[in-house]
2 protein chains.
Amino acid sequence: MIYNRIKILRTEKGLSRKDLAEAVGVNFQTIGYLERGDYNASLELAFKLAEYFNVPIDMAFSPRPFKTMAEELAELRAAEK
Amino acid sequence: MIYNRIKILRTEKGLSRKDLAEAVGVNFQTIGYLERGDYNASLELAFKLAEYFNVPIDMAFSPRPFKTMAEELAELRAAEK
DNA sequence: TCATATTGTTATATATATACAACAATATGA
DNA sequence: TCATATTGTTGTATATATATAACAATATGA
């Protein structure tokens, strides 16, 4: 099982599943399946999504559960000297 | 089509396909298919392979052809101030 | 040279990702 | 409130990843 941040990345950009699906060239229901964790993206789709959101692939997909982006951001800012 | 550096990463470690396959839990012929580019790894397998080699996933897989690691290393060293 | 390990190739079977359709449930905006 | 967009869910069909087997070709080491 691979975890992903598709839903939150999409929501932050104010996109519908349909918008996102068209942007990366898949069926809009495929986005729904991925967001619900019904199955994993292919490597190819994972790269397309990461590139579309302009994030490294491991910021969008991970074999371990993600922290929230808020948590991660706060920790990074706290760690800055 | 996703490019990968599995063959060279494996060779640098002196592993056979069988060794690598056992380490990441797939059939040894699956490694062969990936190395020959017959098909792409799943996201799950891609993460396992990257973790096994201790490299970020985009150092092992890319939607665009890789430079050789030698080239990349040489450029990085040249870029150091 | 011989024996063995490794790799390449072909073929078949199964699991999973994706497409697509239909419809219900929920939100959103006029 | 009504109309419309979005999301969730179920089902069927197809494409692709993976497992497995068999065997040929090539390398490696005794």
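Because the structure is predicted, anything quoted here is derived from the model rather than measured. A, B, ... follow the sequence lines: proteins, then strands. Residue 1 opens every chain.
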Figure out the [atom1]/[atom2] separation between [X] and [N], and round it to whole Å.
{"X": "Glu35(A)", "N": "dT9(D)", "atom1": "CD", "atom2": "C1'", "result": "15 Å"}
{"X": "Met1(B)", "N": "dA17(D)", "atom1": "CE", "atom2": "P", "result": "10 Å"}
{"X": "Tyr33(B)", "N": "dT7(C)", "atom1": "OH", "atom2": "P", "result": "15 Å"}
{"X": "Lys18(A)", "N": "dT18(C)", "atom1": "NZ", "atom2": "P", "result": "20 Å"}
{"X": "Asp19(B)", "N": "dT6(C)", "atom1": "CG", "atom2": "P", "result": "7 Å"}

Scan nucleotides 23-30 of chain C against the protein and return all N/O pairs shorter than 3.5 Å with their distances rounded to 0.1 Å.
none

Looking at [X], does any N or O in its side chain come under 4.0 Å of the phosphate oxygens OP1/OP2 on [N]?
{"X": "Asn27(A)", "N": "dT18(C)", "value": "no"}
{"X": "Arg10(B)", "N": "dT6(C)", "value": "no"}
{"X": "Arg36(A)", "N": "dA17(C)", "value": "no"}

- Query: Using 4.0 Å as the upper bound for N to carboxylate O, is an ion pair formed by Arg5(B) and Glu72(B)?
  - Reply: yes
- Item | Glu51(B) and Arg64(A) ion-paired at < 4.0 Å |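 Looking at Arg64(A) together with Glu51(B), the answer is yes, because their closest N to O distance falls below 4.0 Å.
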Tell me the partner of [N], counting only Watson-Crick (N1-N3 plus N6-O4 or O6-N4) or G-U wobble (N1-O2 and O6-N3) with both under 3.5 Å; none if nothing fits.
{"N": "dT9(C)", "value": "dA22(D)"}
{"N": "dA21(C)", "value": "dT10(D)"}
{"N": "dA30(D)", "value": "dT1(C)"}
{"N": "dA15(C)", "value": "dT16(D)"}

- Message: Nearest to the Leu45(A) side chain among dT18(C), dC20(C), dA19(D), which nucleotide is it?
- Response: dT18(C)
- Side chain of Ser42(B) only, please: which of dA17(D), dT20(D), dT18(C) is the nearest?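 So the side chain of Ser42(B) is nearest to dA17(D).
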- Query: Under 3.5 Å, is there a donor-acceptor pair between the Thr30(B) and Asn27(B) side chains?
  - Reply: no
- Message: Does Lys13(A), at its NZ atom, have more than 12 non-hydrogen atoms belonging to other residues, nucleotides or ligands within less than 6.0 Å?
- Response: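 Count over threshold, so yes.
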- Along DNA chain D (nearest heavy atom to each residue), the more 5'-positioned of Asn40(B) and Ser16(A): Ser16(A)
- hydrophobic_cluster_shared for Met69(A) and Phe61(A), side chain cutoff 4.5 Å: yes
- Hey, does the side-chain of Tyr39(A) have a donor or acceptor N/O within less than 3.5 Å of a partner on the base of dT16(D)?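 Result: no qualifying N/O pair found.
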- Query: Just wondering, do Leu49(B) and Ile57(B) contact through their side chains at under 4.5 Å, heavy atoms?
  - Reply: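 No, every pair of side-chain atoms sits at 4.5 Å or beyond.
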- Query: Given the side-chain rings of Tyr3(A) and Phe66(A), with only the six-membered ring counted for Trp, is the space between their centroids under 6.0 Å?
  - Reply: no
- Task: Between Lys7(B) and Glu44(B), name the one whose nearest nucleotide on DNA chain C is closer to the 5' end.
- Result: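 Counting from the 5' end, the first nearest nucleotide belongs to Lys7(B).
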